[in-house]
Amino acid sequence: MKRIISAALASLMLTSTAFAQDFYKGGDVTQVNYIEDLGGKYYTQDGTEEDVFKILSDAGMNMARIRLSNNPGKGRGDGYYYMPDGYQDEADCLELAKRAKTAGMDIQFTFNYSDYWSNGTRQIIPSDWVEEIKEDLGYDVKDADFLNALTDEQRTEIREKLKTIIYDYTYDIMTKLKEQDTIPQYVSLGNEINGGILFPFANTYDANMSSDNFELVFDEDKSEDDIKCPMDWEALAELLNTGYDAVKAVSPESQVIIHIAEGSKESVFTWFFDKFEEAGGKYDIIGASYYPAWSGNTIETCVEFCNTISAKYDKDIIIMETGFNWNATRKDGEPGQLVDIDIYKDVYPPTLEGHKAFITDLFAQLQTVEDRRCIGAIYWDPCMIHVEDENGNNLAGWAYSEATDEVEPNVVENTTLFDFDGKAISTLDAFASEEQVFTLCFDENGILVKALTSNGAADAASYKTYVLKDGALTLK
C-alpha cells in the first residue's frame with residue numbers, strides 16, 4: 001500500500017536534476033577562436049566585455065561541442081569554397097577544449113573526418129588521407145575515372161587502408177585530448193552522416209556524386225561525369241566501428257554518438273539505425289539535428305520522436321544541433337538563416353522574445369522525454385557573431401571563395417546567442433538551472449513512486465532507484 005510521507009518531508013527543495021543525470025544545455029563553440037582573431041568581442045547582457053566561455057558557463061551552458069576538421073584551408077574544400085586555414089583543425093580544437101574545460105563545461109567532440117563542411121550529401125575524404133592512399137597504394141581516390149572503374153579487390157584494399165587511417169587518427173587525437181586533461185564525455189563519429197562517410201566508399205544508398213565539388217547530386221543535376229557511389233552499409237559499419245574502437249582504447253568511459261540529420265522524423269532514423277545495426281555498427285548514443293525551420297516539425301513532435309526512437313533502440317538521445325532565429329535578416333538586411341518557420345511563425349516570432357520563448361520551451365519539453373532518455377540539446381551556432389571592419393564590411397563567413405579568397409556571408413549571425421554588436425541576448429537565461437519544488441511519494445519500503453513538481457506531475461518510473469533513508473533521498 002502506497003503512502004505519502006509526512007508533511008515535514010513531503011515538500012523538498014531539490015534541483016530538477018536531483019533524480020537523474022544532468023540535462024545538457026550546450027552550444028557549439030568551434031568558431032570562437034576564428035571570430036576572436038577577426039576582432040570579434042563578446043559582452044554580457046549588461047554590456048561588460050568578457051571571455052565568451054565564461055559568459056556561456058555563467059549563464060548555465062554545461063556542454064561545449066567542438067567539431068574537428070582534419071586540415072581545412074585553401075585547395076582543401078570542395079573546389080569552389082574552403083574553410084580558413086588554422087581553424088577547426090587539431091591545434092585549434094585542442095585549445096578550444098582547454099578553454100571549455102577551464103570554464104567547467106563537459107565536452108562533446110566531433111570528428112568530421114573531412115577538411116570541409118560535412119553533412120548528409122557531402123562527405124569529402126580528407127586531403128591528407130587522399131595523399132596517403134596515393135603514396136601507399138598508388139590509387140587516386142579523387143579521380144572520377146578511376147573510381148568508376150574500381151574493382152572489388154581495389155575497393156576492399158582502399159577500405160582496409162581507410163580503417164587503419166581512421167583508427168590511427170582518432171586514437172592520436174583522443175590521446176592528445178587525454179594528455180591535456182580534456183577527455184570528452186561524448187564523441188561523435190562524423191557529422192550528419194545520413195548518406196554515409198568518406199564518399200564513395202561508405203554510402204548508405206546508391207548515389208551519384210559530382211566530380212566537380214564531390215557532393216551528391218539528384219534528378220536533373222546528375223550527369224555522365226558523376227562519380228558512382230554504391231550503397232555499402234557493411235563498409236560504413238566497419239569504418240565507424242574502427243573509430244569507435246579507437247575512442248574506447250583511449251577513453252572507455254567516453255560515450256560514442258552516431259549523429260544524423262532530420263531529427264523528429266522517425267522514419268529517417270528507423271531506416272538508418274535498422275540498417276546500421278544489421279551491419280554490425282557499434283554506438284552508445286543516438287545524435288539528432290532538430291531545426292523546426294528545416295524539419296517542419298514542432299517541439300511536441302520532437303519529444304514523441306525521442307520517446308519512440310529511444311525505446312526502439314534502447315539508447316539515449318542527444319539533440320546535437322538545434323537553432324532558431326531572433327531576427328529575420330542579417331545585419332546588412334539580407335535574409336538570414338532559419339527564418340522560414342511556417343509552423344511557428346505565429347507562435348515564436350523572429351524577435352528576441354520569440355527566440356527566448358522557443359529555446360525555453362524546447363529545453364523544458366525535452367526533459368519530459370520518457371525515462372529522461374533525451375540527455376540534452378546543443379545550440380548551433382551560439383558564437384559565430386557578426387564582425388566587421390572600420391568601414392562596415394563583413395569579415396566573418398561560413399567559407400571563402402577558392403577563386404577570389406573573399407569571405408562568404410555569415411548566414412548564422414541572426415541566430416547566435418549574441419546580438420549584432422556581440423552583446424549576450426536574453427535567451428541565455430534559458431540555460432540557467434532552475435530549482436523546482438517536488439512533492440515526493442514513497443511506498444512502504446521507502447522507494448520513490450511518484451514526484452509532483454512545481455511544473456506539473458511527473459511519472460517517476462525512472463526515479464525508482466532512489467530511496468528515502470534516515471530522512472535523506474539517496475541512490476539505491
Side-chain angles (χ1 to χ4, degrees), residues 67-85 87-89 110-150 154-155 157-159 161-163 165-166 169 188-233 235-236 239-240 243 259-261 289 397-405 408 411:
R67 290 173 290 107
L68 171 68
S69 296
N70 288 50
N71 188 18
K74 188 174 176 63
R76 299 187 292 275
D78 67 353
Y80 296 99
Y81 300 101
Y82 65 92
M83 296 195 302
D85 190 13
Y87 300 100
Q88 302 187 42
D89 61 6
T110 295
F111 287 88
N112 277 341
Y113 295 143
S114 179
D115 298 331
Y116 189 63
W117 294 107
S118 56
N119 56 37
T121 60
R122 188 196 304 117
Q123 300 281 338
I124 303 173
I125 300 175
S127 55
D128 291 346
W129 299 7
V130 171
E131 290 304 312
E132 187 171 346
I133 292 170
K134 187 181 295 184
E135 290 176 5
D136 290 357
L137 303 180
Y139 302 142
D140 185 353
V141 294
K142 295 192 80 172
D143 180 84
D145 290 337
F146 167 73
L147 291 171
N148 284 332
L150 269 178
Q154 288 171 327
R155 181 174 290 278
E157 192 177 2
I158 293 168
R159 186 169 77 187
K161 179 62 179 177
L162 284 171
K163 286 166 62 177
I165 291 174
I166 287 176
Y169 178 76
S188 51
L189 305 177
N191 178 76
E192 294 188 333
I193 62 169
N194 300 58
I197 64 171
L198 303 174
F199 298 164
F201 294 100
N203 290 69
T204 60
Y205 52 87
D206 292 331
N208 279 27
M209 180 170 66
S210 169
S211 57
D212 292 327
N213 66 356
F214 302 98
E215 186 162 0
L216 300 187
V217 289
F218 306 91
D219 302 325
E220 66 272 9
D221 293 327
K222 293 180 179 180
S223 78
E224 294 181 355
D225 298 325
D226 292 342
I227 298 167
K228 301 300 186 292
C229 302
M231 177 177 65
D232 196 338
W233 284 94
L236 178 64
L239 292 171
L240 291 176
H259 168 207
I260 67 174
S289 295
W398 66 271
Y400 291 77
S401 168
E402 191 70 55
T404 66
D405 295 323
E408 292 297 302
V411 295

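Just so you know, these numbers use all the heavy atoms, side chains as well, and skip hydrogens, waters and symmetry mates.
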Measuring from [X]:[atom1] to [Y]:[atom2], what's the distance to the nearest 0.5 Å?
| X | Y | atom1 | atom2 | answer |
| --- | --- | --- | --- | --- |
| I193 | L236 | CD1 | CG | 5.5 Å |
| F199 | L147 | CZ | CG | 13.5 Å |
| N70 | Q88 | CG | CD | 11.5 Å |
| F111 | R67 | CZ | CZ | 14.0 Å |
| I124 | R76 | CD1 | CZ | 13.0 Å |
| S401 | E408 | OG | CD | 6.5 Å |

Side-chain contact, heavy-atom cut-off 4.5 Å: [X] with [Y]?
| X | Y | value |
| --- | --- | --- |
| P200 | K228 | no |
| K163 | L239 | yes |
| R122 | F214 | no |
| W129 | L198 | yes |
| I125 | K142 | no |
| V141 | I158 | yes |
| I133 | L162 | yes |
| Y81 | W117 | no |

So among D219, D226, D221, which one has a side chain to side chain donor-acceptor pair (under 3.5 Å) with N208? D226
Given the options D89, T110, N112, S69 meets side chain to side chain donor-acceptor pair (under 3.5 Å) only with N112
Main-chain N/O of I227 paired with S211 side-chain donor or acceptor, under 3.5 Å: no
Is there a donor-acceptor pair under 3.5 Å between the side chain of E402 and the backbone N or O of K74?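 No; zero donor-acceptor contacts below 3.5 Å.
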Indicate whether any N or O donor in one side chain lies under 3.5 Å from an N or O acceptor in the other, for E215 and T121.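 Present: a donor and an acceptor within the cut-off.
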Do you see a donor-acceptor pair shorter than 3.5 Å between the side chains of N191 and Y113?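 Their side chains do not contain a donor-acceptor pair, so the 3.5 Å distance test is not met.
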Tell me whether R159 is salt-bridged to D232, with the criterion being a basic N under 4.0 Å from an acidic carboxylate O. yes
Assess whether side chain to side chain contact (heavy atoms under 4.5 Å, CB included) is satisfied between D405 and Y400, documenting all intermediate values. CA-CA 5 Å; D405 295 323; Y400 291 77; 5.7 Å; no
Write down the atom of [X], the atom of [Y], and the distance for their closest heavy-atom approach.
| X | Y | answer |
| --- | --- | --- |
| L240 | L189 | O-CD1, 3.4 Å |
| V217 | S210 | CG1-CB, 3.9 Å |
| Q154 | A149 | OE1-O, 4.1 Å |
| M209 | C229 | CB-SG, 3.6 Å |

State yes or no: are the ring centers of F146 and Y139 separated by less than 6.0 Å?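 Ring centres of Y139 and F146 closer than 6.0 Å.
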Chi angles and distances behind the side chain to side chain contact (heavy atoms under 4.5 Å, CB included) call for N203, M231: CA-CA 5 Å; N203 290 69; M231 177 177 65; 5.7 Å; no
Going by ring-ring contact (aromatic ring centres under 6.0 Å, His included), name the residues that satisfy it together with Y87, two or more places apart in sequence or in a different chain. Y34
